[in-house]
Amino acid sequence: MSSRASRDDEYRQMSDEEVFALVSKRDLKAFDELYRRYERRLMAYCLAIMGERELALDAFQTSMMKVFDARERFLGGNLEAWIFTITRRTCIRIKQDRQRMVSTDDFDERPAESGAGSSLDMTEHQAIHKAVRMLSADYRQIIELRYFGELSYEELAEHLEISIDVVKVRLFRARKKLAELLRPYFT
């Protein structure tokens with residue numbers, strides 16, 4: 001076995017925190033491993049927030065670069081929550097920047113009414129993402145973290161700084177509201 005393959009195996013056996021400790025020392029192979037570990041979940045999370053694949057990819061890659069750039073500012077705690085927080089803030093910033101770039105001509109072209117049933121020909125995927133975006137901030141965040149970020153109840157509680165019981169209640173209510181919003185699309 002080559003030394004490169006054994007080094008890759010060594011990284012795979014480390015915890016995220018151990019890999020990140022090496023990233024903090026500018027170990028680019030460790031960063032590649034961290035990137036690989038978080039790619040699928042963070043990309044799904046970005047897609048849920050951004051709604052478009054190209055924007056999500058841009059947000060994901062920007063987020064990972066910010067994680068690398070901010071590596072020395074991580075003071076311990078929940079690494080995953082820290083990475084997801086950077087990602088959420090990056091997505092919000094990109095969306096805000098895009099909204100600022102919209103010309104005033106675009107405002108005249110918007111439909112007068114944009115209710116839940118205004119686009120019945122949307123794909124199921126688009127309908128779900130639209131419904132998630134229509135949720136209140138608390139409900140949207142917990143749905144995105146649970147289903148797109150694949151966080152456990154314990155991780156949600158730690159990330160959101162609430163009890164597991166509150167996580168369960170909030171998820172129940174968020175799913176109920178989501179079901180109401182999706183009823184017109186799925187009979």
Side-chain angles (χ1 to χ4, degrees), residues 1-98 125 128-129 132-133 135 137-168 170-171 174-175:
M1 184 184 295
S2 72
S3 64
R4 179 180 176 192
S6 65
R7 185 69 175 155
D8 289 345
D9 288 339
E10 185 180 323
Y11 286 129
R12 285 188 187 99
Q13 294 174 10
M14 294 178 178
S15 70
D16 289 357
E17 289 74 15
E18 291 170 327
V19 171
F20 189 76
L22 295 174
V23 171
S24 295
K25 296 176 184 173
R26 299 174 97 44
D27 183 333
L28 296 180
K29 291 286 186 190
F31 181 71
D32 288 343
E33 176 65 19
L34 191 71
Y35 187 100
R36 184 192 62 73
R37 289 181 184 189
Y38 282 87
E39 182 175 19
R40 190 174 62 87
R41 290 182 292 156
L42 283 180
M43 187 60 192
Y45 184 61
C46 290
L47 186 58
I49 295 172
M50 305 305 287
E52 296 177 37
R53 183 155 175 68
E54 290 301 316
L55 289 175
L57 184 59
D58 183 41
F60 163 69
Q61 291 173 341
T62 302
S63 298
M64 288 307 292
M65 292 313 301
K66 286 183 178 190
V67 166
F68 185 80
D69 291 343
R71 66 192 177 281
E72 295 164 355
R73 290 194 298 259
F74 179 68
L75 304 174
N78 186 332
L79 176 65
E80 184 173 6
W82 182 73
I83 291 172
F84 270 89
T85 299
I86 288 172
T87 303
R88 180 175 40 83
R89 289 179 180 160
T90 300
C91 289
I92 291 168
R93 224 170 268 122
I94 289 172
K95 284 183 87 164
Q96 288 172 341
D97 289 346
R98 278 185 51 89
H125 180 76
I128 292 168
H129 284 285
V132 168
R133 286 192 303 269
L135 294 172
D138 286 345
Y139 289 170
R140 183 175 58 249
Q141 182 181 39
I142 203 157
I143 290 288
E144 289 170 345
L145 289 172
R146 175 70 177 145
Y147 297 103
F148 300 116
E150 298 180 358
L151 296 184
S152 68
Y153 285 4
E154 293 79 14
E155 292 167 325
L156 285 169
E158 188 173 334
H159 177 74
L160 299 172
E161 298 177 350
I162 57 178
S163 72
I164 290 178
D165 289 335
V166 173
V167 166
K168 290 176 182 177
R170 199 174 287 174
L171 266 172
R175 285 190 295 248

query: How far apart are the closest heavy atoms of Ser152 and Arg146, and which atoms are they?
result: CA-NH1, 3.6 Å

statement: In this structure, CG of Leu171 is separated from CD1 of Ile143 (nearest 0.5 Å) by 5.5 Å

- line: Given the options Leu79, Thr85, Ile86, Ile83 meets side chain to side chain contact (heavy atoms under 4.5 Å, CB included) only with Leu79

- request: Decide yes or no for Phe68 and Leu28: does some side-chain heavy atom of the first lie under 4.5 Å from some side-chain heavy atom of the second?
  value: yes

Euclidean distance, Leu151 CG relative to Ile142 CD1, rounded to 0.5 Å: 9.5 Å

task: Provide the full list of salt bridge (charged side-chain N to carboxylate O under 4.0 Å, His left out) pairs with a residue in residues 38-63, sequence neighbours left out, each pair given once.
output: Arg40-Glu150, Arg41-Glu80

query: About how many Å separate CE of Met64 and CG of Leu42, when rounded to the nearest 0.5 Å?
result: 6.5 Å

- prompt: Say you draw a straight line from CE of Met65 to OG of Ser63; how long is it, rounded to the nearest 0.5 Å?
  reply: 11.0 Å

- prompt: Once the angle between the rings of Phe74 and Trp82 is folded into 0 to 90°, is it parallel (under 30°), tilted (30 to 60°) or perpendicular (over 60°)?
  reply: tilted

Approximate separation, where rounding is to 0.5 Å, of Met43 CE and Thr87 OG1: 11.5 Å

- prompt: Are Tyr11 and Asp27 side-chain neighbours, meaning at least one heavy-atom pair lies under 4.5 Å?
  reply: yes

task: For Tyr35 and Val67, run side-chain contact (heavy atoms from CB on, under 4.5 Å): C-alpha distance rounded to whole Å, both residues' side-chain angles, the deciding distance at 0.1 Å, then the answer.
output: CA-CA 10 Å; Tyr35 187 100; Val67 166; over 6 Å; no

message: Suppose we screen for salt bridge (Lys or Arg N to Asp or Glu O under 4.0 Å). Which residues come up paired with Asp138, at least two apart in sequence or across chains?
response: none

Whether Lys168 side chain and Tyr153 backbone form a donor-acceptor pair below 3.5 Å: no

task: Determine whether Met50 and Leu57 make a side-chain contact, defined as any pair of heavy atoms from C-beta on separated by less than 4.5 Å.
output: no

field: Sidechain N-carboxylate O distance under 4.0 Å for Asp9, Arg12
entry: yes

- request: Looking only at non-hydrogen atoms, find the nearest pair between Val19 and Ala30 and report the distance.
  value: CG1-O, 3.2 Å

- prompt: Just wondering, do Leu160 and Leu145 contact through their side chains at under 4.5 Å, heavy atoms?
  reply: yes

Salt bridge (Lys or Arg N to Asp or Glu O under 4.0 Å) against Arg36, all qualifying residues, sequence neighbours excluded: Glu33

message: I need the Glu144 CD to Cys46 SG distance, nearest 0.5 Å.
response: 10.0 Å

message: Is there a side-chain contact between Arg170 and Leu156 in this structure, where contact means two heavy atoms from C-beta onward sitting under 4.5 Å apart?
response: no

query: Is any side-chain heavy atom of Met14 closer than 4.5 Å to a side-chain heavy atom of Leu22?
result: yes

message: Looking at every non-hydrogen atom in both residues, tell me the closest pair between Arg133 and Ala48 and how far apart they are.
response: CG-O, 4.4 Å

